[in-house]
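Just so we're on the same page: letters track the sequence lines, and every chain starts at 1.
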There are 2 protein chains.
Amino acid sequence: MATIEDVARAAGVSVSTVSYALSGKRPISVATRERIQRAVRELDYRPHAGARALASSRTDVLALVAPLRVDVNVPVILQFVAGVVTRARTHHKDVLLLTNDDPSSLDRVVAGSMVDAVVVMDIETDDPRLPELRAMKQPAVLIGLPGDPGPLSCVDLDFAAVGRTAVQHLLAAGRRRIGLVGPTPVVRARHTSFADRLLHGYADALAEAGLEPLETAAEGTRRGGITAVAELLERHPDLDAVVVHNEGALPGVIEALREGGHDDRALLAVGPADVVAALPVDCDWIEIPAARIGELAVDMVVDRLEDGRGPEVRLLPPTLARHRVTP
Amino acid sequence: MATIEDVARAAGVSVSTVSYALSGKRPISVATRERIQRAVRELDYRPHAGARALASSRTDVLALVAPLRVDVNVPVILQFVAGVVTRARTHHKDVLLLTNDDPSSLDRVVAGSMVDAVVVMDIETDDPRLPELRAMKQPAVLIGLPGDPGPLSCVDLDFAAVGRTAVQHLLAAGRRRIGLVGPTPVVRARHTSFADRLLHGYADALAEAGLEPLETAAEGTRRGGITAVAELLERHPDLDAVVVHNEGALPGVIEALREGGHDDRALLAVGPADVVAALPVDCDWIEIPAARIGELAVDMVVDRLEDGRGPEVRLLPPTLARHRVTP
DNA sequence: TTGAAAGCGCTAACAA
DNA sequence: TTGTTAGCGCTTTCAA
């Protein structure tokens with residue numbers, strides 16, 4: 001492998017000139033820059049990442065702490081990850097993938113200066129990793145919103161607003177007995193941030209209207225959806241609408257509603273675009289822009305890195321639309 | 001951050017002694033080892049990854065080149081990835097995630113010595129990345145089997161054997177007109193290695209029995225499955241069995257078969273355990289052990305790294321089982 | 001069993 | 001506009 005010294009020699013300049021020409025951190029005459037670029041090309045020179053990291057204490061690598069669990073909806077995870085990775089590339093950063101099942105990894109990676117910054121997915125309301133994240137020298141962005149973010153940046157869809165918007169929309173449409181089919185029981189039990197927040201928004205909006213919440217969890221399968229609706233109907237036979245925040249359960253919910261004779265205004269789905277687009281019925285819909293949130297997370301963390309900006313919390317406002325089946 | 005020098009000072013030894021104590025590459029007296037370990041603990045010392053990489057030309061990082069496409073079945077991808085990441089951790093390696101849509105990444109990462117080895121997913125029969133992979137100094141393992149592996153290690157389920165096994169099983173059960181519902185048209189058109197191989201095995205086995213292949217692609221949706229079966233039936237009204245190698249289309253295929261009055265021996269599903277386990281009917285089943293293949297890939301590449309072993313090709317034999325619905 | 005010291009390849013302060 | 005050079009924090013050879 002060619003080193004910076006090889007390039008310097010070939011171009012007839014000093015190593016520092018090569019370094020500066022490559023980083024653009026000081027002006028270089030056109031002539032020498034071109035000689036250097038030629039040498040780089042001819043020798044197929046690539047800077048040694050370790051050497052650069054050692055000298056500059058920057059690695060141009062982000063850590064992505066992601067759960068590869070099956071209890072959260074898998075395609076959604078992958079959309080977040082895809083958003084993070086593609087956006088990282090536009091900022092000339094690579095992504096080191098850490099899965100949650102090994103808590104010591106983050107420590108090692110962060111303390112060993114392997115990464116410049118950290119993006120953390122699957123945040124719980126009272127997340128056990130928060131102390132560690134706060135103590136790091138590298139900036140972190142959470143995808144989600146813990147109870148107390150402190151000096152950590154956060155970005156997510158405003159799930160409380162999602163819950164409120166959904167209820168208000170259905171109330172305006174004349175529905176009164178509005179159920180909620182939430183994520184799987186495991187996710188609920190973990191107090192995954194988004195589940196908690198949506199539930200609160202939903203319950204608050206109902207309370208304001210003097211109505212009681214009708215909530216249930218569902219496994220992320222067709223059968224889970226059917227069961228959940230059956231359960232809701234049993235407890236509340238006058239159910240006249242349902243908000244579904246569970247991608248996998250949607251098909252089952254739809255079947256159950258149809259069999260129960262409910263119309264296509266009784267369902268309000270919360271989910272990513274592709275999932276909802278595939279639904280076989282018209283319905284109201286609030287998008288979870290997963291890839292976009294992943295991209296934003298990277299933008300935010302890179303901003304902090306480059307502009308030394310402080311932490312911020314960004315909650316994307318939900319938008320409600322109507323999904324129509326394309327025949 | 002504490003450095004190795006801080007540790008050496010605190011323990012009253014030289015830096016080399018600390019280094020050797022930590023790597024275990026030369027004998028250290030019990031007494032000094034303990035002093036060093038105490039110092040490490042008290043200072044919370046972590047070696048600087050860049051410095052280590054520079055001095056030793058090892059990074060303990062693997063590159064995982066993975067497509068984050070939606071046209072391949074997403075949960076399956078994530079199972080591969082999970083297998084790779086968890087197994088990497090047991091070998092004390094981290095994983096740098098590269099997505100396919102940026103072909104220059106691999107170059108940069110490999111030439112910049114950011115990784116010790118590379119695992120590549122989503123291999124096509126005549127994959128355009130092969131020349132580059134062959135030219136790297138780092139060992140590579142392909143998950144899949146290109147037409148000409150050369151000096152590259154490969155690991156995958158033996159999809160040709162899957163096709164053959166499926167056909168032979170159905171023939172033995174008295175079926176004669178055996179259809180194949182393959183992956184999405186995009187995947188087929190790319191000549192993704194596994195799709196090609198399964199198709200060949202299937203067609204060969206039929207040819208040996210003097211029968212013709214009845215093949216079609218399907219979108220990975222319920223609707224895709226319904227359409228695919230309809231199409232097969234239209235072209236071959238005497239269809240009496242179908243091999244499905246398309247997770248997303250399975251529910252639709254099942255519906256279509258049931259409506260067509262076919263029994264539960266008419267379907268042979270090829271897919272990962274969790275997908276098949278969720279199917280609402282009994283059927284024959286060949287597993288795609290995605291996580292296991294990911295783990296094997298890492299084992300193989302680590303073997304080459306540590307034992308200097310040469311490349312090898314491992315094709316896992318398929319096993320056929322019966323999936324039964326648990327009521 | 002331990003230590004001294006020469007790099008590894010780069011960045012950036014300092015000097016010209 | 002360019003060059004010299006001192007590190008960055010490790011590993012590993014050579015020497016004791």
| query | Roughly how far, to the nearest 0.5 Å, is the NE2 atom of A/His91 from the CG atom of A/Asp299? | reply | 4.0 Å
| query | If you check the A/Ile28 side chain, which of C/dC10, D/dT2, C/dT2 turns out closest? | reply | D/dT2
| task | Using a strict 4.0 Å threshold on nitrogen-to-oxygen distance, state whether B/Arg89 and B/Asp94 make a salt bridge. | result | yes
| query | To the nearest angstrom, how far is A/Tyr45 atom OH from C/dG9 atom P? | reply | 10 Å
| task | Start with the C-alpha distance between B/Arg58 and B/Asp60, add both sets of side-chain angles, then the distance that settles side-chain contact (heavy atoms from CB on, under 4.5 Å), and finish with yes or no. | result | CA-CA 6 Å; B/Arg58 297 179 84 246; B/Asp60 284 336; 3.4 Å; yes
| Atom-to-atom span, CZ of B/Arg26 to P of D/dT11 - whole angstrom | 12 Å
| said: What's B/Arg33 touching, base or sugar-phosphate or nothing? Going by heavy atoms closer than 4.0 Å. | reply: nothing
| said: What's the closest nucleotide to the side chain of A/Ala55 if the choices are C/dT11, D/dT4, C/dG3? | reply: C/dT11
| Would you call B/Glu5 and B/Arg9 a salt bridge, taking side-chain N to carboxylate O under 4.0 Å as the test? | yes
| Starting at the 5' end of DNA chain C and moving along, which residue's nearest nucleotide shows up first, B/Ala51 or A/Ser56? | B/Ala51
| remark: All heavy atoms of A/Leu130 vs all of A/Asp148, minimum pair found to be CD1-O, 4.3 Å
| Has the side chain of B/Tyr20 got a donor or acceptor that lies under 3.5 Å from a partner of the other kind on the base of C/dA4? | no
| message | Of the listed nucleotides (D/dT11, D/dT13, C/dG9), which one gets closest to any side-chain atom of B/Arg52? | response | D/dT11
| request: Please check the phosphate of D/dT11 (OP1 and OP2 only) for any side-chain N or O of B/Ser19 closer than 4.0 Å. | output: yes
| request: Report yes if at least one side-chain N or O of A/Lys25 is closer than 4.0 Å to OP1 or OP2 of C/dA12; otherwise report no. | output: yes
| request: Say whether, by atom type as modelled, one donor and one acceptor occur between the side chain of B/Thr59 and the main chain of B/Ala53 under 3.5 angstrom. | output: no
| note | A/Asp6 CG to C/dG9 C1', in whole Å, measures 10 Å
| note | B/Arg9 CZ to D/dC10 P, in whole Å, measures 12 Å
| Spacing between B/Leu43 atom CG and D/dG9 atom P, to the nearest angstrom | 14 Å
| So which one's nearest nucleotide on DNA chain C is more toward 5', B/Ser14 or B/Leu54? | B/Ser14
| Are B/Thr3 and D/dG9 close enough that a side-chain N or O sits under 4.0 Å from OP1 or OP2? | no
| task | Just compare C/dC10, D/dT11, C/dT2 and give me whichever is closest to any side-chain atom of B/Ile4. | result | D/dT11
| said: With a 4.0 Å cutoff (strictly under), does any side-chain N or O of A/Thr17 reach OP1 or OP2 of D/dG3? | reply: yes
| request: Mind checking B/Val13 for me? I need base, sugar-phosphate or nothing, with any heavy atom below 4.0 Å counting as a touch. | output: sugar-phosphate
| message | I'd like to know if B/Ser29 reaches the base of C/dT1 with its side chain, counting only an N/O donor and acceptor under 3.5 Å. | response | no
| query | Just how far, in rounded Å, is P of C/dC8 from CZ of A/Arg46? | reply | 22 Å
| said: Taking only side-chain N and O atoms of A/Thr32, does any of them lie within less than 4.0 angstrom of OP1 or OP2 on D/dT2? | reply: yes
| query | Quick one: is C/dA12 close enough that its OP1 or OP2 comes under 4.0 Å of any side-chain N or O from A/Ser16? | reply | no
| Between C1' of D/dC8 and CE of B/Met1, the distance in whole Å | 15 Å
| request: Send over the distance from A/Glu5 CD to D/dT5 C1', rounded to a whole Å. | output: 12 Å
